[in-house]
Trainee: 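Below is the structure I would like to discuss, written out as C-alpha cells.
Every number for a ligand or one of its atoms is a count from 1 in the order of the listing.
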Amino acid sequence: MKAEAPIGIFDSGVGGTSIWKEIHQLLPYEHTLYLADSQYAPYGNRPKEEIISLSKKNTEYLLEKGSKIIVVACNTATTNAISQLRSEYEVPFIGIEPAIKPAALKTKTKSIGILATKGTLSSELFHKTAESVTYGIKLTEVVGEGLVPLIEKGNLDTPELHALLQRYLKPMLEARIDHLVLGCSHYPYLVPLLRDMLPEDVKIIDSGEAVARQTQAVLRQHDLLNPKKEDPKLQFYTNAQENTLHLLLKDHAEKVQIEKKKF
Ligand code: DGL
C-alpha cells in the first residue's frame, strides 16, 4: 500500500540530515529513504541546468525505490529545480527555502542576514521571495563559500571553519542584524559555532521544522500518512564515504542503516 511506502529525501550531501531529523521527530512511524549525493557536492556553484539534472537523477532513484513523496532537503536544488521536478513527475514534492519571511516579520533592527550558497542566492525563486517580504528591511546576503565541503568532511569545529564564518558574519554584524537566516540545509550543523560567535540577541533561524510540518500536511492531504505504528525502516544511501553520515546520525545509530550505493 502506498501509504506504507517511504518518504524519499535527497540533498547534495549530508546536510539534509538536519531536515530528516525534524521529519523523523514529527513523523516517527514513517519509513524514510535519504540520498546523500555527496559525490557531486557542492551543488551551490554549479549551473542551474546541472542542478536540475542532478535533482532529476536523485528523484528517479527515489521513485524507483517506491517513494510516496519527495522532500528536496536542499535549498539550492529547491530554488533551482523544484518547478521543473513538479512539472515532470506526478509525486508530491516538498521543497526547502530560506526562512526570510519569519525573520522579516520579527526583526526589530529592520536588518536581517542570510547565509546561503551562490546557487540559492542567485536563483530567481529566491529573488522573488526576498523582494516580496523584505520591503523596508535591509537584507545582507552572504555566500557561504567553502562551508559545505568542510561539513561534508565532518569538520564541524576547525580553525578554518571559524575563520570563514568570522569573515561571513562581519558584514552582517556591521549591518546590525538581529536575525540570521540559514539558507542551506548543511548550516544547522554550524549552530554551536555560530552561537559562540554571535551576540546573544541575534536569533538564528532555519527551515527544518517548517519543512517537516509541510511534509506532514501534504501526506495527510493525499491520505498518505503511514497507518502502521511500528518501528520504521530508516535508510541512508551515500555515493561517497559513509563516515560523515555516521557522525551526524550518531544519536540515531541504533535505528538507522547507512550504506554506500551507486546512484
Ligand atoms: N544542502 C545544500 C543546500 O541546502 C547545500 C548546497 C550545496 O551543495 O552547495 O543548499
Side-chain angles (χ1 to χ4, degrees), residues 8-23 34-59 62 70-85 93-100 113-127 129-130 141-156 161 164-165 168 180-191 194 204-212 214-215 236-241 244-245 247-249 263:
I9 305 170
F10 78 83
D11 178 36
S12 62
V14 299
T17 53
S18 65
I19 311 293
W20 174 84
K21 287 176 188 173
E22 300 284 353
I23 293 175
Y34 179 99
L35 292 190
D37 199 15
S38 296
Q39 189 186 344
Y40 298 97
Y43 282 9
N45 291 333
R46 294 181 188 274
K48 183 181 168 91
E49 286 316 311
E50 212 174 323
I51 298 172
I52 293 176
S53 87
L54 289 166
S55 301
K56 284 170 65 173
K57 164 187 76 79
N58 298 332
T59 298
L62 289 170
I70 309 272
V71 179
V72 183
C74 175
N75 293 257
T76 312
T78 300
T79 50
N80 285 277
I82 203 156
S83 52
Q84 186 82 18
L85 297 175
F93 283 92
I94 306 292
I96 173 169
E97 282 186 69
I100 15 180
I114 170 161
L115 190 62
T117 68
K118 185 171 155 216
T120 294
L121 294 178
S122 62
S123 68
E124 214 177 296
L125 188 57
F126 172 76
H127 276 286
T129 316
E141 300 175 20
V142 178
V143 172
E145 190 64 49
L147 298 176
V148 167
L150 288 174
I151 299 166
E152 283 291 313
K153 283 191 221 141
N155 294 345
L156 304 180
L161 196 54
L164 284 178
L165 288 178
Y168 300 152
L180 168 62
V181 178
L182 302 181
C184 170
S185 56
H186 282 67
Y187 298 169
Y189 289 111
L190 303 178
V191 168
L194 287 166
I204 303 174
I205 50 179
D206 65 62
S207 322
E209 207 187 313
V211 171
Q214 179 68 1
T215 306
F236 291 80
Y237 292 172
T238 173
N239 49 18
Q241 294 309 316
T244 307
L245 281 178
L247 172 74
L248 300 182
L249 295 166
F263 55 87

Trainee: Output the set of protein residues with a heavy-atom contact under 4.0 Å to ligand 1, ordered first by chain identifier and then by residue number.
Mentor: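 For ligand 1, the residues that come within the 4.0 Å heavy-atom cutoff are Asp11, Ser12, Pro42, Tyr43, Gly44, Cys74, Asn75, Thr76, Thr117, Val148, Cys184, Ser185, His186.
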
Trainee: Is the side chain of His127 donor-acceptor paired with the backbone N or O of Leu121 at a distance under 3.5 Å, no angle test?
Mentor: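 Yes, the answer is positive, given that a donor and an acceptor are paired below the 3.5 Å cut-off.
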
Trainee: Would you check if there is a donor-acceptor pair between the side chains of Ser18 and Ser185 at a distance under 3.5 Å?
Mentor: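 Their side chains do not contain a donor-acceptor pair, so the 3.5 Å distance test is not met.
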
Trainee: Using a distance-only test with no angle check, is there a side-chain donor-acceptor pair under 3.5 angstrom linking Glu97 and Thr78?
Mentor: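 Checked: Glu97/Thr78 side chains show no N/O donor-acceptor pair below 3.5 Å.
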
Trainee: Ignoring hydrogens, what is the shortest heavy-atom contact between Lys21 and Leu249? Give both atom names and the distance.
Mentor: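 Closest heavy-atom pair between Lys21 and Leu249: CE-CD2, 4.2 Å.
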
Trainee: Say whether, by atom type as modelled, one donor and one acceptor occur between the side chain of Lys118 and the main chain of Gly44 under 3.5 angstrom.
Mentor: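 Judged by distance alone, no pair lies under 3.5 Å.
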
Trainee: In a check of ring-ring contact (aromatic ring centres under 6.0 Å, His included) between Tyr34 and each of Phe236, Phe263, Phe10, Trp20, which one passes?
Mentor: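 For Tyr34, the ring-ring contact (aromatic ring centres under 6.0 Å, His included) test succeeds with only one of Phe236, Phe263, Phe10, Trp20, which is Phe236.
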
